[in-house]
Amino acid sequence: MERNGKEREGASGGESAAGGRELAGKVAVVTGGTRGVGAGIARAFVRAGARVLVCARRPPEVPLQGTEFSPLDLRDPDAVHAFFGALPRLDVLVNNAGGAPYRPLADASPERHARIIELNLTAPLTASVAAYEHLRRARGAVVMIGSVSGSRPSPGSAAYGAAKAGLESLARSMAVEWAPEVRVNTLVVGMVRTERAELHYGGEAGLAAVADTVPLGRLAEPGDVGAAAVFLASDAAAYISGASLLLHGGGERPAFLAAATVNK
């Protein structure tokens, strides 16, 4: 595994939220942990004292201090089982890898939509099963990185939303099947300001306009997600399993309130 020795400078204030040693001595795998939300999670786990392994198809463009990188295509079941089988120990699995481009249903083939579901639902299932024996022995934890897209209409990313809805259901069933040895929870994440946020929301004006729709007045930072993931993986959440923790800044103001002509 390749060890990275340099962290991106200028990390946001949100990424300092999990600064204790809640996971000292633990080994954690963060899938897709090379950028954006995944990198924020990896940094939070390092600060919490864990040994952090990140895996993705490509290495991080900016090395993440204190992490180890392994190339892995999470859609290749044989490679996934080989990766986890080679680990001597594992305490926490964070199924973060995922995402989807904007793609209306009628503008793409069923095969393309199926690949989105494969990455966002089938791959976390494969990784979790491959990691199960390690996690069972360690009495460990799985943290699924879900999305608010799984519980509301997601035009332009319908396959992604369907996959994230399935991921929450999978986590709840997994929590029952694998109890009491393994805890399984889902972080249901809203809009996050990452290095690629402009591709989704536009430039600074677009980002500011979108942030104004969030009750807390801002998009999440990757470190906000990291801090919540550390909590769910730690002993502080020892009696939390099968839960979905909303991380969306208060949700969305109902659209009808803006359209109504009373109470203005």
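Under a hydrophobic-cluster definition in which Ile, Leu, Val, Met, Phe, Trp and Tyr are linked whenever side-chain heavy atoms come within less than 4.5 Å, directly or via other members, Leu125 and Ile116 are assigned to different clusters. At a threshold of 4.5 Å between side-chain heavy atoms, the hydrophobic network of Ile, Leu, Val, Met, Phe, Trp and Tyr places Leu167 and Val182 in one connected group. Neither Leu246 nor Val94 shares a network with the other; the hydrophobic side chains, linked directly or stepwise wherever heavy atoms of I, L, V, M, F, W or Y lie under 4.5 Å apart, form separate groups for each. Linking ILVMFWY side-chain heavy atoms closer than 4.5 Å, directly or via other members, places Leu187 and Val148 in two distinct hydrophobic clusters. Under the 4.5 Å side-chain heavy-atom criterion for ILVMFWY residues, no single connected hydrophobic cluster contains both Leu72 and Leu119.
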Apply side-chain contact (heavy atoms from CB on, under 4.5 Å) to the pair Val188 and His248, showing each step before the final yes or no. CA-CA 8 Å; Val188 183; His248 57 13; over 6 Å; no
Any chance you could lay out the side-chain contact (heavy atoms from CB on, under 4.5 Å) test for Thr31 and Leu93, step after step, and finish with the verdict? CA-CA 8 Å; Thr31 69; Leu93 169 63; 4.2 Å; yes
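At least one side-chain heavy atom of Asp224 sits less than 4.5 Å from a side-chain heavy atom of Arg218. Side-chain contact check for Arg103 versus His113: some heavy-atom pair is nearer than 4.5 Å. Residues Glu181 and Leu135 are not in side-chain contact: their nearest non-hydrogen atoms beyond the backbone lie 4.5 Å or more apart. Residues Arg139 and Pro180 are in side-chain contact: their nearest non-hydrogen atoms beyond the backbone lie under 4.5 Å apart. You'll find the side chain of Ser154 stays beyond 4.5 Å of the side chain of Tyr160, heavy atoms only. Using a 4.5 Å heavy-atom threshold, the side chains of Val225 and Ile41 count as touching. The side-chain heavy atoms of Ser234 and Lys26, taken from C-beta on, include no pair separated by under 4.5 Å. Between Leu87 and Leu53, some side-chain heavy-atom pair lies under the 4.5 Å cut-off.
Once rounded to the nearest 0.5 Å, the distance linking CD of Glu168 with CG of Asn185 reads 11.0 Å.
Remark: side-chain polar atoms of Arg43 are not paired, donor with acceptor, to backbone N or O of Pro222 under 3.5 angstrom.
With salt bridges taken as basic N to acidic carboxylate O contacts below 4.0 Å, one links Glu204 and Arg193.
A side-chain contact (heavy atoms from CB on, under 4.5 Å) with Phe69 holds for exactly one of Val52, Val54, Leu64; it is Val54.
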